[in-house]
**Student:** 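Take a look at the following structure, please.
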Amino acid sequence: MRPGAPRAVLFDRDGTLVEDVPHNTDPARVRLRPHAREALEALRAAGVRAAVVTNQPDLGRGLLTLRQLEALHARMEELLGPVEVTAVCPHRPEDGCRCRKPAPGLVHAACRALGLAPAETVVVGDIGTDLLAAHRAGAPGLLVPNEATRPEETRAASRAAAHLAGAVRTLIGGRYAPAPGRSAAVHPASRRAGGARSRPGGRA
């Protein structure tokens with residue numbers, strides 16, 4: 001691992017690693033975002049750990065079961081390769097929890113599961129709430145915009161990349177300066193961290 005590279009990258013799920021399919025419960029509908037597999041393979045080759053931090057309010061709404069969520073994540077890992085920790089917030093926006101992005105709880109939970117301080121990681125996402133959660137947790141953030149990313153979110157991002165492979169090349173090349181740091185619970189299945197992203201579609 002090169003000096004300056006993070007020890008782990010915490011990825012948002014929907015819109016970042018996989019396509020955002022609203023209210024999806026079917027593993028057959030899980031599709032990777034462009035360059036996602038390439039990015040994860042590059043991280044593993046560089047000895048950088050990978051985790052996921054994702055709001056999944058359909059759990060709290062009763063539209064998604066834990067078994068269905070685990071099946072979705074199993075399919076994601078079939079396509080991407082292994083992800084060490086997946087931190088999930090199941091709460092609805094109105095629940096006022098401390099884990100739902102843009103709150104920092106998911107980032108803290110993933111870092112605890114990894115045994116790392118937030119400043120040793122980078123949070124990669126496609127919308128402003130991902131970067132705000134990173135900032136509030138004391139972790140650097142990097143935006144990978146997609147069709148749903150608002151122009152003002154892209155303008156406000158201090159660091160951005162055109163796609164995931166480019167983001168990872170920057171991170172593992174040691175050209176990404178970590179931010180000063182600070183450090184939702186861990187779901188028992190495969191060290192899934194728990195605590196569920198606010199946007200029209202499947203991420204509300």
Side-chain angles (χ1 to χ4, degrees), residues 8-41 43-44 48-95 97-116 121 123-127 129-130 133-134 137 144 146 148 164 184-204:
V9 178
L10 314 182
F11 293 95
D12 169 61
R13 193 192 83 174
D14 300 314
T16 301
L17 287 178
V18 302
E19 298 290 353
D20 185 14
V21 179
H23 312 299
N24 186 29
T25 60
D26 182 1
R29 300 179 70 198
V30 174
R31 301 186 305 276
L32 296 184
R33 289 286 300 165
H35 305 284
R37 173 110 194 171
E38 177 188 351
L40 269 289
E41 288 176 345
L43 281 183
R44 285 189 282 268
V48 178
R49 301 158 78 184
V52 171
V53 286
T54 178
N55 292 349
Q56 293 298 319
D58 280 353
L59 283 169
R61 296 177 180 132
L63 303 176
L64 178 70
T65 68
L66 187 56
R67 179 173 293 185
Q68 289 170 327
L69 180 68
E70 291 292 337
L72 294 173
H73 288 162
R75 177 57 178 160
M76 179 182 71
E77 293 194 46
E78 283 179 16
L79 298 171
L80 279 177
V83 173
E84 189 167 341
V85 169
T86 298
V88 176
C89 173
H91 300 109
R92 303 167 302 166
E94 60 270 29
D95 290 338
C97 69
R98 297 182 180 181
C99 46
R100 178 182 172 83
K101 292 178 290 179
L106 285 181
V107 177
H108 287 316
C111 288
R112 283 197 301 270
L114 292 165
L116 298 174
T121 73
V123 177
V124 175
D126 66 308
I127 62 174
T129 54
D130 298 316
V144 180
N146 60 29
L164 280 173
V186 177
H187 191 279
S190 304
R191 300 182 74 199
R192 298 294 192 254
R197 173 166 155 140
S198 185
R199 204 49 167 273
R203 300 183 283 174

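Not measured: the values here are computed from a predicted model.
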**Student:** What's the verdict on side-chain contact (heavy atoms from CB on, under 4.5 Å) for Val88 and Thr54, showing C-alpha distance, side-chain angles and the deciding distance?
**Tutor:** CA-CA 5 Å; Val88 176; Thr54 178; 3.9 Å; yes
**Student:** Could you tell me which non-hydrogen atom of Leu43 sits nearest to which non-hydrogen atom of Ala50, and how far apart they are?
**Tutor:**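 Looking at all heavy atoms of both residues, the closest pair is CD1-CB, 4.3 Å.
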**Student:** What are the two closest non-hydrogen atoms of Lys101 and Asp130, and how far apart are they?
**Tutor:**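 Answer, listing the atom of Lys101 first, then Asp130: NZ-OD1, 2.8 Å.
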**Student:** Could you pull out all residues at least two apart from Arg37 that satisfy salt bridge (Lys or Arg N to Asp or Glu O under 4.0 Å)?
**Tutor:**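 Scan of Arg37 (salt bridge (Lys or Arg N to Asp or Glu O under 4.0 Å), adjacent residues dropped) gives Glu41.
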**Student:** Please give me the minimum heavy-atom distance between Leu17 and Leu40, naming the atom from each residue.
**Tutor:**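 What the structure gives for the nearest pair is CD2-CD2, 3.7 Å.
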**Student:** Could you work out, with side chain to side chain donor-acceptor pair (under 3.5 Å) as the rule, every residue matching Asp95, not counting sequence neighbours?
**Tutor:**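 With sequence neighbours excluded, Asp95 shows a side chain to side chain donor-acceptor pair (under 3.5 Å) to Arg92, given in chain and number order.
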**Student:** Set out, in order, the CA-CA distance, both residues' side-chain angles and the distance that settles side-chain contact (heavy atoms from CB on, under 4.5 Å) for Val18 and Arg75, then state yes or no.
**Tutor:** CA-CA 11 Å; Val18 302; Arg75 177 57 178 160; over 6 Å; no
**Student:** Identify the heavy atoms of Val85 and Ala110 that sit nearest to each other, and give their distance.
**Tutor:**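 Shortest heavy-atom contact: CG1-CA, 4.2 Å.
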**Student:** Taking side-chain contact (heavy atoms from CB on, under 4.5 Å) as the definition, give me every residue that meets it alongside Glu38, ordered by chain and number, with sequence neighbours left out.
**Tutor:**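 Partners of Glu38 by the side-chain contact (heavy atoms from CB on, under 4.5 Å) criterion, ordered by chain and then number, come out as His35, Ala165, Arg169.
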**Student:** side-chain contact (heavy atoms from CB on, under 4.5 Å) with Ala8: which residues, sequence neighbours excluded?
**Tutor:**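 Partners of Ala8 by the side-chain contact (heavy atoms from CB on, under 4.5 Å) criterion, ordered by chain and then number, come out as Arg49, Leu114, Leu116, Thr121.
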**Student:** My understanding is that only residues two or more places apart in sequence, or in another chain, count here; which of them pass side-chain contact (heavy atoms from CB on, under 4.5 Å) with Pro34?
**Tutor:**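 Glu19.
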**Student:** Does Gly15 offer a backbone N or O that forms a donor-acceptor pair with the side chain of Asn146 under 3.5 Å?
**Tutor:**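 Yes, Asn146 side chain to Gly15 backbone: donor-acceptor pair under 3.5 Å.
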**Student:** So, taking the atom named CG in Leu72 and the one named CG in Leu64, what distance separates them when rounded to the nearest 0.5 Å?
**Tutor:**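 Going from the CG atom of Leu72 to the CG atom of Leu64 covers 6.0 Å.
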**Student:** Under the 3.5 angstrom rule, does the side chain of Arg44 hit a backbone N or O of Pro82 as a donor-acceptor pair?
**Tutor:**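 Here the side-chain-to-backbone pair exists.
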**Student:** List for me each residue that meets side chain to side chain donor-acceptor pair (under 3.5 Å) alongside Thr65, sequence neighbours excluded, and say none if there are none.
**Tutor:**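 Thr65: side chain to side chain donor-acceptor pair (under 3.5 Å) contacts with Gln68.
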**Student:** In Å, rounded to the nearest 0.5 Å, how long is the span from CZ of Arg100 to CD of Glu94?
**Tutor:**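 Here the interatomic distance stands at 8.5 Å.
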**Student:** So do the side chains of Val21 and Asp26 get within less than 4.5 Å of each other, counting heavy atoms only?
**Tutor:**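 Sidechains of Asp26 and Val21: no contact.
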**Student:** Between OG1 of Thr16 and CG of Asp126, what distance do you get to the nearest 0.5 Å?
**Tutor:**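 Taking OG1 in Thr16 and CG in Asp126, the distance rounds to 3.5 Å.
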**Student:** To the closest 0.5 Å, what do you measure between CG (Asp58) and CG (Leu69)?
**Tutor:**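 The CG atom of Asp58 sits 10.0 Å away from the CG atom of Leu69.
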**Student:** Evaluate the criterion side-chain contact (heavy atoms from CB on, under 4.5 Å) for residue pair Leu164 and Phe11; output intermediate values, then yes/no.
**Tutor:** CA-CA 10 Å; Leu164 280 173; Phe11 293 95; 3.9 Å; yes
**Student:** What distance separates Glu70 CD from His73 NE2, expressed to the nearest 0.5 Å?
**Tutor:**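 If I round to the nearest 0.5 Å, the distance is 7.5 Å.
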**Student:** Between Leu10 and Leu106, does a side-chain contact (heavy atoms from CB on, under 4.5 Å) hold up when you go through it step by step?
**Tutor:** CA-CA 10 Å; Leu10 314 182; Leu106 285 181; over 6 Å; no
